[in-house]
Asks: 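Take a look at the following structure, please.
Just so we're clear, the structure is a prediction, and the values are computed from it rather than from any experiment. We count ligands from 1, going down the list as the structure has it; atoms in each ligand are counted the same way.
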Amino acid sequence: MEEKIIYIAGLGLIGGSLALGIKRRHPHYKILGYNRSDKSRIIALERGLVDEATDDFKAFAPLADVIILAVPIKQTITFLKILSEIDLKENVIITDAGSTKLEIVSAAEQYLTGRPVQFVGSHPMAGSHKSGAAAADVHLFENAYYIFTPSKLTGQQTIADLKDLLSGLQARFIEIEAAEHDRVTSQISHFPHILSASLMEQAGDYAAEHEMASRFAAGGFRDMTRIAESEPGMWTSILLTNKAAVLERISDFKQRLDSVAELISQNDENAIWDYFAKARQTRKEMEIHKRGGLESSFDIFVDVPDEEDVILEILELLRGTSLVNVHINEENREDINGILQISFKNANDLEHARQVITSKTAYKVFIE
Ligand code: NAD
């Protein structure tokens, strides 16, 4: 079988997880890694994520059949420039993992045009609050969208070759133009992070004067602000490399807030009802719970009594599933069905959980 050499620059959460996914399907491929700090380099070697590692970015680049840049967006652009200045293997495939795509694809076209290389942008749409090689997880991208954004340097075979290389991730591959990727993610990912952080900032200021605000914050407030715990550095670079789309979404949203404020001040009961009804219907139609993708999970809610061993009994029934999180909603149940919330990585396990809990216990089960 043909042995390929894969070079992954950046052995953090994303680079390390990609390495594990590649090894899962192609154990005979050689994976070389670059990492700036000793820590993740040592962990990556110890965990077998890579076969060899360096702290000199240029060292392994000429050996590679595929180069994956899994570093912050700005550094990805710097590395593309460096790659344009060194001799690489003829027809090497270069790709990245950055969360915004247009600036990276433009930089690749600017620096690499005329060189005998292939380039396609990549955005593996899964992550977590963890970072570094220690957090690498072979399951990270399962069922998540893995987006390719073609460039002028994408050949007929480039994406097919990468799909084969990355088949062990068990992700859902999809192609979209870089500018459209950035517009769509500004709406469903970047702007919600701004909203969440702003809401958290507002509530924090408010809680300084109204002490009970911290204590009552639960349920819906927790759901709305979970992503405010994201890594600040990554989100700063995302906003600054997708400025136009993000600013446009902010301006659109300000008008929407003004419209709601107007309805409230006019006591327009019907219009306010319509406003909530429309949002509810839109959310149902988008089937947000039913799909994998950006930071999504498949949640089941089980209404359980507050008795000894009940949770253990349910977890025992779910052995061998892709269970990723268990949460006990005990503080405030006004907008949650059931008290035990269990999250899975995929829809099959969610359905399996529903069937097994319903058939083997008397507890009520809800899937939103
Ligand atoms: P991470 O912090 O786990 O790893 C980042 C890696 O980049 C580390 O190896 C670090 O040593 C290296 N690095 C950082 N600054 C560097 C510099 N100036 N020079 C050289 N190396 C440097 O982060 P991650 O989550 O793996 O993110 C990597 C890329 O993946 C980013 O472009 C990010 O936008 C993208 N991404 C992240 C997520 C997520 O949720 N974490 C999801 C999709 C895409």
Asks: Does Y145 have R172 sitting over its ring (NZ/CZ under 6.0 Å from centre, angle to axis within 45°)?
Replies: yes

Asks: Answer yes if L195 and W235 sit in the same cluster of Ile, Leu, Val, Met, Phe, Trp and Tyr residues linked by side chain heavy atoms under 4.5 Å apart, and no otherwise.
Replies: no

Asks: Looking only at distances, can you tell me whether any N or O atom of S37, backbone or side chain, sits closer than 3.5 Å to an N or O atom of ligand 1?
Replies: no

Asks: Could you tell me whether G15 and ligand 1 have an N or O pair separated by under 3.5 Å?
Replies: no

Asks: Which of the atoms of ligand 1 are close to G132, meaning less than 4.0 Å from one of its heavy atoms?
Replies: 3 (O)

Asks: Would you please say whether a donor-acceptor pair under 3.5 Å links the side chains of S343 and D299?
Replies: yes

Asks: Just checking, any donor-acceptor pair under 3.5 angstrom between side chains of H352 and Q355?
Replies: no

Asks: Using a 4.0 Å heavy-atom threshold (strictly under), name the region of Y34 that reaches ligand 1: side chain, backbone, both or neither.
Replies: side chain

Asks: Any donor-acceptor pair under 3.5 Å linking the side-chain atoms of N242 with those of T100?
Replies: no

Asks: Only one of T149, L80, V120 passes side chain to side chain contact (heavy atoms under 4.5 Å, CB included) with V105; say which it is.
Replies: T149

Asks: Would you tell me which option among A70, S131, A126 has the nearest heavy-atom contact to atom 28 (C) of ligand 1?
Replies: A70

Asks: Judged on heavy-atom distance to atom 31 (C) of ligand 1, which of I73, V71, I14, L11 sits nearest?
Replies: V71

Asks: Using heavy-atom distances only, which candidate in S40, S230, G127 approaches atom 40 (O) of ligand 1 most closely?
Replies: G127

Asks: Can you get from M125 to V246 by hopping between Ile, Leu, Val, Met, Phe, Trp and Tyr side chains that sit under 4.5 Å apart?
Replies: no

Asks: Give the numbers and elements of all ligand 1 atoms closer than 4.0 Å to a heavy atom of N35.
Replies: 8 (C), 9 (O), 11 (O)

Asks: Have a look at ligand 1 and work out which part of M125, if any, has a heavy atom under 4.0 Å from it: side chain, backbone, both or neither.
Replies: neither

Asks: Report yes or no: does H123 have a heavy atom closer than 4.0 Å to ligand 1?
Replies: yes

Asks: Please could you name the atoms of ligand 1 that G98 approaches to less than 4.0 Å, counting only its heavy atoms?
Replies: 32 (O)

Asks: Given side chains that start at C-beta, do those of Y29 and I5 come closer than 4.5 Å, heavy atoms only?
Replies: no

Asks: State the atoms of ligand 1, each with its element, that fall below the 4.0 Å cut-off from a heavy-atom position in G10.
Replies: 9 (O)

